[in-house]
2 protein chains.
Amino acid sequence: MDDRMEELLKRSQLSVTSSRKKILELFLGSAGALSHGDIEKKAGEKFDRVTVYRTLQAFLEKGVIHSIPTADNTVRYALCKEDCHQGHHQDNHIHFFCRVCASTTCLDKVSIPDIDLPAGFTASQVEVVVSGICDLCR
Amino acid sequence: MDDRMEELLKRSQLSVTSSRKKILELFLGSAGALSHGDIEKKAGEKFDRVTVYRTLQAFLEKGVIHSIPTADNTVRYALCKEDCHQGHHQDNHIHFFCRVCASTTCLDKVSIPDIDLPAGFTASQVEVVVSGICDLCR
DNA sequence: AGGTGACTGCAACATGGTTGCATTTTTATA
DNA sequence: TATAAAAATGCAACCATGTTGCAGTCACCT
């Protein structure tokens, strides 16, 4: 477990520190996506707010996590799959936000449908966020 | 023009005040969606920040505008169409965010495709935000 | 083991958003 | 039209969230 996290950090060209291991551990141990606030709470006051921000920033840049915009306007983060590379995310899946438990899940199985844009518009990214009730809350 | 705004406010059960007329005017005169910050800038320091917040809140509740989550994590607002009613929005269209001019547009013509959710999930709302380059910037 | 560069924590700051309350403006009613 | 009640505004203060600079610490490489 510890090895796995160290390996993931090294592969992403990030130096191995205790805060990064801890935050990575939180992501690995959580089903859905985490917000900055979630991480601060779960980490148990062990790290400075700034460290959490900078760690998330580093993870984002190196392609370890990706950010998810949600309806309640708080950014959440989730682990990327193996095919995410530095700076070039492959998060071609939709996100589900549960109104009951406020959790955000990546629905890897559901792909994003094609969308016909009007003439003159060019799409480089499509974000789909579905809100509703998740399988655990019904 | 002035009549049109007063009528819209009255129809939405909102009392007619100068700030509401001014903010409504900004929406009518702008092509895309506006963020809180946009409004404060365009209004020319005439209104208190709090008033802008409360006005947007009131407009939201009465179905005059709807909110749009964007990739850069700032909420934007756009006028609702006629078929939006109090508390029950009919904003069943996708939103386009231009990376160049940072404008957000409602693409009324493009409807949201159906999405097959995994078993156990129930969808109540689907948000689609396409990022790319708009027709004016290419 | 030791030097260099990267990471951390602290303080201070900036921004975005909310709440309570006194004052002003709208609206409804007479 | 005058007036009372209701609603909206502005102000101050506050909280949450996010950023920056810098000094100290830690990880990495040789």
Side-chain angles (χ1 to χ4, degrees), chain A residues 2-3 5-26 33-62 64-65 67-77 86 102 104, chain B residues 2-3 5-26 33-62 64-65 67-77 86 102 104:
Chain A
D2 213 72
D3 288 350
M5 292 184 304
E6 293 198 7
E7 201 250 317
L8 179 51
L9 286 173
K10 280 179 185 160
R11 182 150 36 92
S12 308
Q13 298 174 313
L14 289 163
S15 46
V16 180
T17 68
S18 61
S19 59
R20 289 183 177 170
K21 280 197 286 185
K22 180 67 183 174
I23 293 179
L24 200 49
E25 189 186 320
L26 291 178
L34 297 175
S35 68
H36 171 92
D38 295 334
I39 293 169
E40 263 197 301
K41 288 189 198 74
K42 292 202 180 193
E45 326 226 345
K46 293 192 59 175
F47 305 110
D48 196 82
R49 284 180 337 115
V50 181
T51 300
V52 178
Y53 280 114
R54 287 198 268 231
T55 303
L56 290 175
Q57 196 63 35
F59 282 5
L60 262 187
E61 282 166 12
K62 300 298 185 179
V64 181
I65 58 177
S67 70
I68 310 167
T70 47
D72 66 346
N73 200 42
T74 54
V75 194
R76 280 148 209 275
Y77 304 92
Q86 202 173 327
T104 303
Chain B
D2 213 70
D3 289 349
M5 293 184 303
E6 292 198 7
E7 201 250 317
L8 179 52
L9 285 173
K10 279 179 185 158
R11 181 149 38 90
S12 309
Q13 298 174 310
L14 289 163
S15 45
V16 179
T17 68
S18 60
S19 60
R20 289 182 177 173
K21 280 197 287 186
K22 180 67 184 173
I23 292 179
L24 201 49
E25 189 187 321
L26 291 178
L34 297 175
S35 69
H36 171 93
D38 294 335
I39 293 169
E40 262 195 301
K41 287 188 198 77
K42 292 202 180 193
E45 327 226 346
K46 295 191 61 177
F47 305 110
D48 195 81
R49 281 177 342 113
V50 180
T51 301
V52 177
Y53 279 114
R54 287 197 268 231
T55 303
L56 290 175
Q57 197 61 37
F59 283 5
L60 262 187
E61 281 166 12
K62 300 297 184 180
V64 181
I65 58 178
S67 69
I68 309 167
T70 48
D72 65 347
N73 200 40
T74 56
V75 195
R76 280 147 209 276
Y77 304 93
Q86 202 173 326
T104 302

Minimum heavy-atom distance Tyr77(B)-His36(B), with the two atoms named: CE1-N, 4.5 Å
Length of the CG-P vector between Leu9(A) and dA27(D), whole Å: 13 Å
Audit row: Leu14(A), Val64(A), side chain to side chain contact (heavy atoms under 4.5 Å, CB included) steps and yes/no: CA-CA 10 Å; Leu14(A) 289 163; Val64(A) 181; 4.1 Å; yes
Nearest-0.5 Å distance, CD1 of residue Ile65(B) to CD of residue Gln57(B): 8.5 Å
Interatomic distance, Ile23(B) atom CD1 to Thr51(B) atom OG1 [nearest 0.5 angstrom]: 8.0 Å
Separation of Gln13(A) CD from Glu61(A) CD (nearest 0.5 Å): 12.0 Å
Letter per nucleotide, 5' to 3', of nucleotides 9-19 of chain D [B base touched, S only sugar-phosphate touched, - untouched; heavy atoms, 4.0 Å]: BBBB----BBB
Lys/Arg N to Asp/Glu carboxylate O, Glu25(B) vs Lys21(B), below 4.0 Å: no
For chain A, the stretch of DNA chain C it reaches, first to last nucleotide, under 4.0 Å of its heavy atoms: dA6(C) to dA11(C)
Donor-acceptor contact below 3.5 Å, side chain Arg20(A) vs main chain Thr55(A): no
Pair Phe47(A)-Ile39(A), side chain to side chain contact (heavy atoms under 4.5 Å, CB included): steps then yes or no: CA-CA 10 Å; Phe47(A) 305 110; Ile39(A) 293 169; over 6 Å; no
